[in-house]
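Note that ligands are numbered from 1 as they come in the structure, with each ligand's atoms numbered from 1 the same way.
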Amino acid sequence: MASKSIQKPNWAHWRRRFKARSDRGLPKLDTTGDYSRLPPSLARSLAVFQLGESGGGTVIEQARTSTLASVDDDYAEAVSLFVDEEHRHANILAMCVRLLGGELIRRNWTQRLFLFGRRLIGLRLKVLVLLAAEVVGICYYSSIAAKLRPGAVRNWLYDLVQDERSHLEFHCLFLQAQVTSGLRRRLFVTVWRSVMFAAAIVVMIDHRRTIRDLDLGFKRTWQRWMAFSQMAERLVTGEPVACAKSVEA
Ligand SMILES: [Fe+2]
Ligand SMILES: [Fe+2]
């Protein structure tokens with residue numbers, strides 16, 4: 001099978017990109033909104049995502065010690081800034097949970113599953129699992145935001161979606177640099193579809209009450225996840241990406 005050499009991504013650019021927004025701080029707490037009519041399942045759902053956004057330390061170490069040809073110091077530093085950004089998301093989600101009258105949680109079974117997947121083996125699988133989390137996050141945060149009235153929580157969730165979109169691009173570039181042959185591409189597609197399918201199932205089960213209470217629609221939610229995961233797959237494998245409208249989040 002013919003193999004192609006993919007140029008190492010410009011990680012210095014990503015390092016600068018993450019660095020440029022690393023001093024944003026947290027948004028000002030705005031307690032003027034009335035969230036009393038929202039279902040308690042929403043606060044619980046965001047608390048689960050808050051927990052998921054809190055981890056990520058081991059990926060930094062793996063990026064720093066990786067011997068992959070496509071990895072360099074700029075990538076490792078970009079990963080470190082990416083993890084900081086996810087921790088900022090965790091803090092913003094904690095603010096959302098409190099505004100909604102919910103409580104933060106310390107443990108959750110889906111978070112433990114994602115953690116298990118990320119710890120399973122090396123950097124490549126870890127980034128693949130992170131990519132699945134970005135797909136779920138982009139779709140879920142934007143679906144929820146679209147159901148909320150204008151206000152702090154809605155604005156913050158849309159801001160998170162913007163960050164997650166760039167994370168998706170960042171992880172896709174890394175994985176794209178790994179699929180240098182037809183065999184590797186097929187392996188990636190098989191593992192990616194399995195991980196994405198499993199992730200979508202467990203998140204849908206765990207967040208079923210919110211999906212029901214906010215009338216997000218199980219079928220709509222599923223289709224959106226699958227459309228986005230297909231787009232991510234094409235970004236990695238170099239296939240033409242479907243029209244942006246069909247994967248609008
Ligand atoms: Fe995030
Ligand atoms: Fe992210």
**Asked** Is the shortest side-chain N to carboxylate O distance from Asp206 to Arg44 below 4.0 Å?
**Response** yes
**Prompt:** Is any NZ, NE, NH1 or NH2 atom of the basic residue among Arg24 and Asp163 found under 4.0 Å from an Asp or Glu carboxylate oxygen of the other?
**Reply:** yes
**Fill in**
With Tyr141 as partner, the option from Val136, Asp159, Val161 fulfilling side chain to side chain contact (heavy atoms under 4.5 Å, CB included) is Val161
**Message:** So, taking the atom named CG in Leu173 and the one named CH2 in Trp14, what distance separates them when rounded to the nearest 0.5 Å?
**Reply:** 6.0 Å
**Asked** How many protein N, O or S atoms are found at a distance of less than 2.8 Å from the Fe ion (ligand 2)?
**Response** 5
**CG/Asn10: more than 12 non-hydrogen atoms of other groups inside 6.0 Å** = yes
**Asked** Which residues satisfy the ring pair (Phe, Tyr, Trp, His ring centres under 6.0 Å) test with Phe174, sequence neighbours excluded?
**Response** Tyr75
